[in-house]
Number of protein chains: 2
Amino acid sequence: MRILIVEDEPTLGKQLKSTLEQNGYAVDLSTDGEDGHFLGSTEEYDAVILDLGLPEIDGLTVLGMWRKEGRKFPVLVLTARDSWSDKVAGLDAGADDYLAKPFQTEELIARLRALIRRASGNTSSELTAGPVRLDTRSGRVTLDGEPVKLTAQEYKLLSYLMHHKGKVVSRTELIEHIYDQDFDRDSNTIEVFVTRIRKKLGADVITTIRGLGYSLDDPDEQPRAN
Amino acid sequence: MRILIVEDEPTLGKQLKSTLEQNGYAVDLSTDGEDGHFLGSTEEYDAVILDLGLPEIDGLTVLGMWRKEGRKFPVLVLTARDSWSDKVAGLDAGADDYLAKPFQTEELIARLRALIRRASGNTSSELTAGPVRLDTRSGRVTLDGEPVKLTAQEYKLLSYLMHHKGKVVSRTELIEHIYDQDFDRDSNTIEVFVTRIRKKLGADVITTIRGLGYSLDDPDEQPRAN
DNA sequence: TCCTCGACGATCAGGATGCGCATGGAGGGG
DNA sequence: CCCCTCCATGCGCATCCTGATCGTCGAGGA
């Protein structure tokens, strides 16, 4: 899952970035509204953390522009404490959730998880597909109840697929959501990790759709094979 | 485990802080409601001890604000008198337990322990993971029944992991819950203590998940990895 | 229907990177 | 005075990426 943080205060921004990265997200950080808006418009994010108190362009304006452009990613707005007007205006502008500064990083992470989960249409923090179960809260994966050890990248890849269960996900889409800005897009790393995951979870977990990408199906919901 | 004490009387506050620290908690002390509220909103606490008779802002108000902001840590309220009205109001405001002044520090610690235990979803004061057993009441750790001597920090670290058994805990999360406010976050102390604990309890007690953090698994519940 | 060929995906092994581990020593507190 | 805590350094290894090779699928023609 890839996150954009738009936060003008460098210290807080960097701290957030590193915390989120430790939690398995790919994170881009922008420190002003204009740059932030550009990133949000051009790159693919699964969620955006947006500070309202930005220099130059206001956070609300940025949010409004995104929504007008049709960007649909969930936005978590950081507002100064007690500003009800901000809250209302933010809702109108299309924010999905709020957090008043100051806040606890754990809560931020929890809300972020919830946002991403909701955005992908899931209701529980546990995602399942056949014998595979992924708990987004504890960050663990089990196969038939047995815990499976995944590396960071393997987890990111599997997590994205499970959040989009049944959908065909192209390789570029995966790259855009698993890695942050600076990454060489011409490589076969995705294939490599797909192979790895198949080795650990079974070959039939991830289906290849030639020329299009990959898809993770739930055999319980789709009894017949292909 | 990290505790916040909000207590206006300096003597009592300091005494509590030192007592709790001797019992293996990381403690922040605040002497007025405003500061206390701020700390509780920004930092990560596993429990809060809140005196109701505060100057400026009342303890109940502070508690109410926290709950309205969505802070979920358990709160142990200290009330000066045997006043029922305080108790009722406190319950409404979201307190989890009570203690009437004057009280025995022993009792305070016992209740605190119970609060933290409940908050982490454990039912017993004894936490076990494989051959390792940790008694939160006596603060003792045994390996295959044999008592093991842990230093204060080693105990704190192990305790936090055991309270969150099975969850992947990032290094920042550990730092936030084991140390109090003023601590340099860029250091490798966590690794050092993990190493120490492994030496004393066996290398397989704590699992490393590269790039994400550590996790303490219970082999009884999860027979084997890979 | 079968064969051929092209294109795409899977797999493997080698190597760079950086994370986490170990260790020793300085500093501080009991 | 001793032990605990913390910081710094160097090292080893898991992890990740790369590039090459092998395998597979499917279209089109005979």
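Convention: sequence-line order gives letters A, B, ...; per-chain numbering from 1.
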Flag, side chain of B:Glu7 to backbone of B:Glu9, donor-acceptor distance under 3.5 Å: yes
Residue pairs, two or more places apart or on separate chains, that pass salt bridge (charged side-chain N to carboxylate O under 4.0 Å, His left out) and touch residues 12-24 of chain B: B:Lys17-B:Glu21
Nearest-angstrom distance from the residue atom NZ of A:Lys200 to P of C:dA10: 18 Å
side-chain hydrogen bond (donor to acceptor under 3.5 Å, both in side chains) against A:Ser125, all qualifying residues, sequence neighbours excluded: none
N/O (side chain, B:Thr151) to phosphate O (OP1/OP2, D:dC4) under 4.0 Å: no
Partner residues of B:Thr195 under the side-chain contact (heavy atoms from CB on, under 4.5 Å) criterion, sequence neighbours left out: none
Residue list, side-chain contact (heavy atoms from CB on, under 4.5 Å) with B:Glu107, at least two apart or on another chain: B:Leu99, B:Gln104, B:Arg111
Whole angstrom value for the distance that separates P of D:dT15 from CG of A:Leu157: 16 Å
Test side-chain contact (heavy atoms from CB on, under 4.5 Å) applied to A:Leu212 - qualifying residues, sequence neighbours left out: A:Val168, A:Ile209
Rounded interatomic separation in angstrom, taking CD1 from B:Ile175 and C1' from D:dC7: 13 Å
Partners meeting side-chain hydrogen bond (donor to acceptor under 3.5 Å, both in side chains) with A:Tyr155 (sequence neighbours left out): none
Residues which pass side-chain hydrogen bond (donor to acceptor under 3.5 Å, both in side chains) with A:Ser41, listed by chain and number, not counting sequence neighbours: A:His37, A:Glu69
End-to-end axis angle, where each axis spans five pairs of the helix from C:dT1-D:dA30 to C:dG30-D:dC1, to 10°: 40°
Pairs flagged by salt bridge (charged side-chain N to carboxylate O under 4.0 Å, His left out) wherever residues 151-163 of chain B is involved - sequence neighbours left out: B:Glu154-B:Lys200
Separation of D:dC4 P from B:Ile197 CD1 (nearest whole Å): 14 Å
Contact nearer the 5' end of DNA chain D, comparing B:Lys149 with A:Glu154: B:Lys149
Contacts of type side-chain hydrogen bond (donor to acceptor under 3.5 Å, both in side chains), residue A:Asn122, not counting sequence neighbours: A:Ser120
Rounded distance in Å - CG (B:Leu212) to C1' (C:dG18): 15 Å
Could you list the protein-to-nucleotides 5-8 of chain C atom pairs, N/O on both sides, closer than 3.5 Å?
| unit_1 | atom_1 | unit_2 | atom_2 | d |
| --- | --- | --- | --- | --- |
| C:dC8 | O2 | A:Arg210 | NH2 | 2.9 |

Show each protein N/O and nucleotides 21-25 of chain C N/O combination with a separation under 3.5 Å, one pair to a line.
| unit_1 | atom_1 | unit_2 | atom_2 | d |
| --- | --- | --- | --- | --- |
| C:dC21 | OP1 | B:Arg198 | NH1 | 2.5 |
| C:dC21 | OP1 | B:Thr208 | OG1 | 3.0 |
| C:dC21 | OP2 | B:Tyr214 | OH | 2.6 |
| C:dA22 | OP2 | B:Thr195 | OG1 | 3.1 |
| C:dA22 | N6 | B:Asn188 | ND2 | 3.2 |
| C:dT23 | OP2 | B:Lys199 | NZ | 3.2 |

Euclidean distance, atom CG of residue B:Leu174 to atom P of D:dC6 [Å, nearest integer]: 13 Å
Nucleotide C:dT11, atom P - distance to CZ of A:Phe193 in whole Å: 15 Å
Gap between atoms OH and P, on B:Tyr155 and D:dC4 respectively (whole Å): 17 Å
Close side-chain approach of B:Pro74 to B:Asp97, heavy-atom, < 4.5 Å: no
